[in-house]
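Just below is one structure, and these are the notes that go with it.
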Protein chains: 2
Amino acid sequence: MLETGKNPDRPVRADAKRNLDLLLQAAAKIFATSGVDAPVREIAEKAGVGIGTVYRHFPERSDLVIAVFRHEVDACADAAPVLAASHGPGEALSRWMERYMDFIATKRGLAAALHSGDPAFDGLPAYFQERLRPALQNLLDAAASAGEIRSGIEPQDLLRAVASLSAPDANGDTSQARRMVALFLDGLRYGAVGT
Amino acid sequence: MLETGKNPDRPVRADAKRNLDLLLQAAAKIFATSGVDAPVREIAEKAGVGIGTVYRHFPERSDLVIAVFRHEVDACADAAPVLAASHGPGEALSRWMERYMDFIATKRGLAAALHSGDPAFDGLPAYFQERLRPALQNLLDAAASAGEIRSGIEPQDLLRAVASLSAPDANGDTSQARRMVALFLDGLRYGAVGT
DNA sequence: TTGATAAACGGAACAATGTTCCGTATATAA
DNA sequence: TTATATACGGAACATTGTTCCGTTTATCAA
């Protein structure tokens with residue numbers, strides 16, 4: 001019998017992979033611009049694919065939202081080791097917090113969806129913690145070891161605090177939020193072993 | 001010229017008033033059951049009126065949501081003087097907090113809508129404060145004057161704290177939340193002038 | 001009581017959007 | 001080059017918000 005049937009180990013087709021990436025990119029941009037309630041058709045058009053292709057990759061609308069969210073969480077988490085390799089511990093921490101704030105700003109529109117009661121999103125907060133907590137933990141440990149900040153800071157507290165501080169963007173102005181976070185981080189430096 | 005034209009002072013027709021009440025009742029029940037995203041048709045059917053009638057009274061879906069919300073805020077606020085007249089100051093305060101928790105529980109589904117970015121809902125938080133703060137202030141003043149609780153409690157702090165304490169209803173069980181609030185209120189009693 | 005009239009009603013029809021389905025096109029492997 | 005499983009595109013369907021308009025009815029004056 002000739003082996004021609006459906007092969008489960010067959011690699012993903014190149015066009016499928018490409019379209020998936022195009023979709024994630026397009027969705028990320030449109031979610032950031034128009035919020036997570038943007039029409040699926042709009043995303044398909046921006047990605048240059050048909051609607052059917054969207055639903056092939058993401059059976060439901062919420063699957064696309066989730067994929068974009070996780071993708072952005074991953075990108076944010078992955079930035080930590082990169083920054084740690086290219087900067088000193090204190091500088092790496094500061095820069096990563098900037099990066100994290102950008103992520104939170106993008107996530108604004110998602111917040112409502114996350115707490116909308118749709119069970120599809122139930123796993124997202126856990127993923128958020130799971131991915132970002134260790135990333136930040138490493139940065140904090142390095143900075144503490146170098147004597148640039150005090151030790152004993154809990155990463156999840158920091159994540160939550162900065163997310164809260166970023167919130168009051170009433171006019172869309174982020175400068176105030178950034179000043180608050182900078183001030184907050186200075187608080188970590190005060191009391192460091194080297195001070 | 002005979003006065004037969006459109007009379008702006010003409011009283012509201014009886015059926016219009018009745019249908020408006022039916023709609024508010026039906027919407028309140030359905031919002032509590034299925035959330036604020038329930039279809040307009042379902043509400044119209046439950047109220048026993050046509051869709052057109054819904055839109056005559058509430059030009060947009062959000063207007064109906066707002067009307068129900070305000071209606072429930074009013075009912076909760078109006079309960080305060082009634083309880084104050086029929087119970088002692090401490091008991092009136094306790095009972096009103098129970099009443100307030102019921103209101104918050106109903107409002108669960110609304111929370112997402114309120115922060116969804118739809119500008120139609122922008123005024124609701126203000127209305128909430130505006131209406132409930134004075135109602136609670138009176139109860140607090142009476143209880144403090146009677147020496148049953150300490151003075152200097154800010155009503156808005158209490159409103160927010162109790163709303164937060166009521167939130168973690170993971171399984172839909174409200175007993176834990178009620179215990180927490182009761183404990184919280186006992187804290188007010190501790191340190192009262194009569195203690 | 002009756003007739004005229006403005007107000008209100010009901011629901012068909014339209015628009016926007018999530019989702020399904022299937023005929024067509026194509027990347028891949030032999 | 002050819003066969004075929006995979007992926008694609010978009011028409012069609014389902015649900016839901018909203019509009020429109022012909023019909024019904026509450027109200028008032030005679």
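Just so we're clear, the structure is a prediction, and the values are computed from it rather than from any experiment.
The neighbour count for M180(B) CE, taken as heavy atoms of other residues, nucleotides or ligands under 6.0 Å away, does not exceed 12.
With respect to D186(A) and R189(A), a salt bridge is recorded, a charged nitrogen being found less than 4.0 Å from a carboxylate O. Salt bridge R133(B)/D157(B): absent, no basic N to carboxylate O contact under 4.0 Å. A salt bridge does not link R41(B) with E45(B): every distance from a Lys NZ or Arg NE/NH1/NH2 to an Asp or Glu carboxylate oxygen is 4.0 Å or more. Salt-bridge annotation for R95(A) and E91(A): present, with a side-chain N of the basic residue lying under 4.0 Å from a carboxylate O of the acidic one. Using a cutoff of 4.0 Å between basic side-chain nitrogens and carboxylate oxygens, D74(A) and R70(A) are not scored as salt-bridged. Classification of R178(B) and D102(B) as a salt-bridged pair holds, one side-chain N sitting under 4.0 Å from a carboxylate O.
Taking only side-chain atoms of V49(A), from C-beta outward, the nucleotide of dC8(D), dT18(D), dG9(D) with the closest atom is dG9(D).
Between N19(B) and dC9(C) there is a side-chain N or O to OP1 or OP2 distance below 4.0 Å. Applying the 4.0 Å criterion to OP1 and OP2 of dA7(D), one finds that T53(A) has every side-chain N and O outside that range. Taking only side-chain nitrogens and oxygens, H57(A) comes nearer than 4.0 Å to OP1 or OP2 of dC8(D).
For the pair D21(B) CG and dA8(C) P, the interatomic distance rounds to 14 Å; values are reported in whole Å. Remark: P of dG17(D) and CD1 of I30(B) are 12 Å apart, rounded to the nearest angstrom. Atom CD in E60(A) sits roughly 15 Å away from atom C1' in dT17(C) (whole-Å rounding). Counting to the nearest Å, the C1' atom of dG10(C) and the CZ atom of F58(B) are 17 Å from each other. Remark: P of dC13(D) and CD1 of I51(A) are 15 Å apart, rounded to the nearest angstrom. Rounding to whole angstrom units, CD1 of residue I43(A) and P of dT17(C) are separated by 12 Å. Here dC8(D) presents its C1' atom at 13 Å from CG of L22(A), a figure rounded to the nearest Å. Between the C1' atom of dG10(C) and the CD atom of E45(B) lies a distance of 14 Å, rounded to the nearest Å.
Considering only residues two or more places apart in sequence or on other chains, Y100(A) meets the ring-ring contact (aromatic ring centres under 6.0 Å, His included) condition with W96(A).
Applying the salt bridge (charged side-chain N to carboxylate O under 4.0 Å, His left out) test between D15(B) and each of R18(B), R13(B), K17(B) identifies R13(B) as the sole match.
Between its two ends, the helix from dT1(C)-dA30(D) to dA30(C)-dT1(D) turns its axis by 0°, counting five pairs per end and rounding to 10 degrees.
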Expected string for nucleotides 21-28 of chain C under the B/S/- scheme (protein heavy atoms, under 4.0 Å, primed atoms plus P, OP1, OP2 as sugar-phosphate) is -----BSB
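If L20(A) and R41(B) are placed on DNA chain D by their nearest nucleotide, the residue sitting closer to the 5' end is L20(A).
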